[in-house]
Every structure is written in C-alpha cells, then in structure tokens.
Amino acid sequence: MPRTSIACTLATVLALGLLPGRALAIDPLAGDSWTRVHALIKPSPAEQGWEKIPWLTSLWEARKQAAAAGKPILLWEMDGHPLGCT
Amino acid sequence: VAGRAFAFADSEIIHLARHEFIPVTADDWYQRRRDDAEGEFFRKVANQGPRKGEGGSTRQGIYCLTADGELLAYKNAGQNAHVMREVLQQALSRWRALSAERRQPGAVQVGDPAAVDRRYVRELPPGGLALRVFTRALDRDGKGDYCDAACKVGSGDEAGRDHLWLTRDEWKSLVPAQKKPGTTINVPKPIAERIARFHLIDNTRGEPPMWSQEDIRQLTMTLRLIDATDDRLKLRFAGEVLLATAADPSSAKRGFDARLAGILEYDPAKGEFVRFDGVAVGDHWGEGTYTRGARPGRTALGVAFELADLKSPADLVPPQAARDPWAYFGPGYRLQVGSR
C-alpha cells in the first residue's frame with residue numbers, strides 16, 4: 001500500500017476513534033463543557049424524594065420536638081450519615 | 001445509602017414520616033461512641049432491639065421510638081419500601097396503644113442535655129465554607145462524552161454525597177491578591193491534598209477507603225483569574241490528579257486518574273465566594289471493604305462540587321473524613337475548649 005494511503009487510513013481510523021486505548025474524540029472538560037458533566041453528576045429530581053422529609057440531625061432536638069408535639073420519633077441511623085456521607 | 005433510593009423515596013413513607021413522626025438522622029459512628037446524655041439515650045433505645053453493639057459493632061438501622069426512650073419498632077430495611085411501610089405502621093400501632101396521657105403533647109419533658117461529648121461533635125469552623133460533593137459512576141457514549149452509567153439501583157446507580165469544609169483562612173487563601181486577569185495561583189497544598197485524599201473517592205456504593213498521603217502520585221490544582229470587575233472576580237479552576245495505592249499505577253489495586261475543571265466566583269463587596277462549581281472526572285478502579293461490587297477494570301467516575309447555602313440541616317452534616325479531624329484539617333486542629 002502506498003505510504004499516502006497508509007497515512008490516510010490511519011488518519012481515518014484515528015478520526016473515527018477506532019484504535020484501542022484511543023484518546024477521547026471530544027474533550028468533555030474543554031471550555032465550559034465541564035458544566036454539562038457537572039449537571040450530569042448531581043442528583044436528579046428522582047433521586048431527591050427523600051428530601052421531602054424534614055429530617056432533623058440531632059436526636060436530642062428530635063426528642064424535644066416529639067415530646068412537644070406528642071409524636072413518636074423516626075430515627076434513620078447509618079454508618080455514614082444518611083444525609084451526607086455515601 | 002440505599003434507603004435514599006428505596007424506602008425514603010416512597011410516597012406513603014414520605015407522608016408517614018412527615019405527618020406521623022418527628023424524623024431525624026444520625027451517623028452511627030458518632031452516636032454509638034459518644035459518652036454523654038444523647039449517646040446514653042440512644043444506646044438505651046438500641047439495647048431494646050437486636051443491635052446491642054457487642055464489641056463496639058454497628059447499631060445502624062431504622063428505629064421508631066418514644067421521646068422518653070421506648071423502642072416501638074426496629075428494622076434495617078431501608079432498601080425495602082414494602083417492609084419499611086409495615087414497620088412504620090407497626091410502630092404507630094404500638095404508639096397508639098400507649099395511654100393517651102403519655103402520648104399527649106407535653107406529657108414528656110425534655111430539657112437540654114447535661115453535657116455534650118465534644119470528641120464526637122463536628123461543626124463547620126467559624127466563618128468556614130461548606131461545599132456539597134456528589135459522586136457518580138459514569139460511562140462514555142459513542143462520541144467519547146460522559147453519560148450516566150447503568151448500574152443496579154442501590155449498587156452505585158445513585159449519586160454519592162458528602163461535604164467538603166474549608167476554614168475561613170483556607171478559603172480566603174484562594175482569593176488572588178493581584179486582581180490582574182491572567183494571574184494564576186496554585187491551590188495551597190493542604191487544600192489540594194484534602195480535596196484529593198478525602199473527596200476524590202468512590203462513595204457510590206457505601207463508605208469508601210480514603211487515600212493516604214502516599215497514594216498521591218500526581219497533584220496539580222490551579223486557579224486562574226479570567227475576569228476581574230469591582231463586583232466580581234472569576235477564577236477558572238483546573239487540575240490533574242493521579243491517586244494510586246502502588247507507585248506503579250498499572251499494578252495498583254485501587255486508583256483514580258482524573259482531571260479537574262470549574263469556575264469560582266468571588267464577590268469582593270460581600271467578601272465571600274458566590275460560586276464554587278467544579279468537577280473531577282476520569283478513570284477509577286478498585287473497591288474497598290465496604291464498597292464491594294465495583295465495575296471491573298477502569299471505569300469513569302465523576303465528582304462534582306458546589307457551594308452549600310447552609311439553609312438545610314443536611315448542609316451542615318460533616319465531611320465523612322472529618323471523623324479524624326486531625327487528618328482532615330491537619331495536626332493543628334483542636335477540639336473545642338471544654339470538651340470531654
């Protein structure tokens with residue numbers, strides 16, 4: 001195969017991103033395009049239903065409010081804070 | 001936390017939690033250790049259930065209780081909305097079976113706790129800045145752009161969450177002294193290392209291992225002033241990081257090879273950052289003891305940062321890594337005077 005044809009083929013392959021371990025065809029962080037990635041990573045509305053519950057973060061404060069309101073307490077306790085870690 | 005995706009996203013459970021209970025959350029790592037009135041109260045309640053904390057083990061789960069400390073129901077079933085609905089209804093039945101005198105508002109008196117074990121209290125430092133941090137498993141589409149990864153719900157499909165804290169002196173060090181566009185500063189090493197070690201982590205499937213100092217193989221973070229007016233300084237954030245558990249990343253069991261980008265905006269009149277948006281995205285590999293089930297090989301992972309407005313109690317939840325505040329803030333960190 002002539003050298004020019006090889007170069008052409010290689011360029012086409014590179015342009016189409018067909019080589020293993022290729023670099024990304026586009027740079028997702030170039031310019032302001034990182035903002036799209038930022039929005040992609042943040043929780044979707046469907047992932048935020050639990051935020052409709054007015055969670056307190058102090059068990060002692062919950063005791064006070066429960067006593068004053070005449071209600072029981074719902075305590076969600078995890079290794080890793082449910083509202084903030086993991 | 002699967003409960004966010006399952007039980008507490010269920011409309012009936014949301015309704016019950018909002019109207020029939022006083023809902024509260026806590027990190028069991030602190031609660032089961034604290035040696036004070038709140039810790040004693042919690043352990044008294046937990047000891048009525050199956051998790052008695054033998055050998056300091058976890059007591060995590062979902063508890064329904066009275067203000068004076070009677071356990072009404074317990075289940076560690078946040079991943080199962082059907083079971084959780086039954087548990088809440090069972091708790092309400094037991095609650096309603098108590099005498100009317102005991103249930104009426106004001107029947108139980110709760111004053112302030114006699115003492116607080118400050119060893120297990122983490123508060124945003126005075127004048128400090130808090131960021132929300134989200135992490136998500138990603139994939140690449142046909143064009144090479146990032147897209148949401150298809151993971152099993154509850155096993156990495158949702159965004160992980162955390163918070164990043166900076167002291168007042170730390171965030172002020174990010175404001176360039178020179179207001180000339182083009183001015184570039186390196187993010188101070190303690191801040192860059194805090195971001196890398198404690199926030200560029202894969203917490204999409206549970207509590208992840210943090211990176212050690214030695215795991216930092218490459219780390220650059222810069223801020224370049226791109227616009228300066230009387231009411232706004234706009235800074236472009238950029239960086240590269242290579243974290244790996246072995247000097248040769250190709251043989252490391254765990255690693256993250258990422259680039260960072262973002263924009264920060266500072267309001268000189270207010271003397272505060274009004275925007276602090278950033279991302280770190282790249283290839284992550286490996287898993288930890290509590291984050292089994294990682295996708296095989298090197299896969300895309302993204303971390304996003306944004307300012308927390310502190311209007312929600314959730315915004316004040318401390319960083320996961322602040323359990324060890326000396327590692328997080330540095331050896332100069334001091335517990336508040338009067339701590340036990």
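Proteins get letters first, then strands, A, B, ... in listed order; numbering begins at 1 in each. All values derive from a computational prediction rather than experimental measurement.
For the atom pair CG (B:L16) and CD1 (A:I53), the distance works out to 9.5 Å, reported to the nearest 0.5 Å. Taken from NE2 in A:H81 to CG in B:D28, the straight-line distance is 11.0 Å, to the nearest 0.5 Å. Rounding to the nearest 0.5 Å places CZ of B:R161 at 7.5 Å from CD of A:E47. B:D148 contributes atom CG, which lies 8.0 Å from atom OG of A:S44 (distance to the nearest 0.5 angstrom). For the atom pair CD of B:Q60 and CD of A:E77, the computed distance is 8.5 Å after rounding to the nearest 0.5 Å. The SG atom of B:C64 lies 10.0 Å from the CD1 atom of A:I73; values are rounded to the nearest 0.5 Å.
B:Q31 places none of its side-chain heavy atoms less than 4.5 Å from the side chain of A:D79. In this structure, the side chains of B:D277 and A:W34 come closer than 4.5 Å at one or more pairs of heavy atoms. For the pair A:W50/B:I14, no side-chain contact is recorded, criterion being any heavy-atom separation below 4.5 Å from C-beta on. Contact check for A:K71 versus B:F21: no side-chain heavy atoms found under the 4.5 Å cut-off. Inter-residue side-chain proximity for A:W55 and B:P313 is flagged as unmet; no heavy-atom pair is nearer than 4.5 Å. Side-chain contact between B:F42 and A:L59 is present, with at least one heavy-atom pair separated by less than 4.5 Å. Side-chain contact between A:L74 and B:I22 is absent, with no heavy atoms from C-beta onward closer than 4.5 Å. Side-chain contact between A:P82 and B:T25: present, with at least one pair of heavy atoms (C-beta onward) separated by less than 4.5 Å.
Only the backbone of B:F305 comes within contact range of chain A, with at least one heavy atom under 4.5 Å from a heavy atom of that chain. When heavy atoms are compared at a cutoff of 4.5 Å, B:T66 approaches chain A solely by way of its backbone atoms N, CA, C and O. When heavy atoms are compared at a cutoff of 4.5 Å, B:Q104 approaches chain A solely by way of its backbone atoms N, CA, C and O. Proximity to chain A (any heavy atom under 4.5 Å) is restricted, for B:V317, to the side chain, taken from C-beta onward. Heavy atoms of B:S11 lying under 4.5 Å from chain A are absent altogether. Only the backbone of A:A68 comes within contact range of chain B, with heavy atoms under 4.5 Å apart. Heavy atoms closer than 4.5 Å to chain A are found nowhere in B:I201, neither backbone nor side chain. Only the side chain of A:E51 has a heavy atom closer than 4.5 Å to any heavy atom of chain B.
The minimum heavy-atom distance linking B:G111 with A:W60 is given by the pair O-NE1, 2.6 Å. Nearest heavy atom pair, residue B:A304 against residue A:H38, reads CB-CD2, 3.8 Å. Minimum heavy-atom separation, B:V110 to A:A67: CG2-CB, 4.0 Å. Taking every heavy atom of both residues into account, A:A66 and B:A67 meet most closely at CB-CB, 4.1 Å. Across B:E38 and A:S58, no two heavy atoms sit closer than the pair OE1-OG, 4.2 Å. Shown here for A:P28 and B:G144, the closest heavy-atom pair between the two residues is CG-O, 4.0 Å.
Heavy-atom contacts from other residues, nucleotides or ligands closer than 6.0 Å to NZ of B:K44 number more than 12.
Under a 4.0 Å N-O distance rule, the pair B:R236/A:D32 qualifies as a salt bridge. Of the charged side-chain nitrogens involved, none lies within less than 4.0 Å of a carboxylate oxygen, so that A:R63 and B:D68 do not count as a salt-bridged pair.
Looking only at heavy-atom pairs under 4.5 Å with chain A, the residue among B:I13, B:D315, B:D112, B:V45 that has the most is B:D112. With chain A as the partner, the residue from B:L316, B:V108, B:L260, B:V133 showing the most heavy-atom pairs under 4.5 Å is B:V108. No other option in B:D202, B:I263, B:L98 has as many heavy-atom pairs under 4.5 Å with chain A as B:I263. Chosen from B:Y30, B:F134, B:Y74, B:W95, the residue pairing most often with chain A at heavy-atom distances under 4.5 Å is B:W95. Chain B forms more heavy-atom pairs under 4.5 Å with one residue of A:T57, A:I41, A:L83 than with any other, namely A:I41. Highest contact tally toward chain A, considering only B:L92, B:V279, B:L65, is held by B:L65 [criterion: heavy-atom pairs under 4.5 Å].
The salt bridge (Lys or Arg N to Asp or Glu O under 4.0 Å) check on B:R323 picks up B:D27, B:E207, with sequence neighbours excluded.
Judged by distance alone, with hydrogens and angles left aside, the side-chain atoms of B:R103 form no donor-acceptor pair with the main-chain N or O of A:G70 at under 3.5 Å.
A centroid separation of 6.0 Å or more is found between the aromatic rings of A:W76 and B:Y63.
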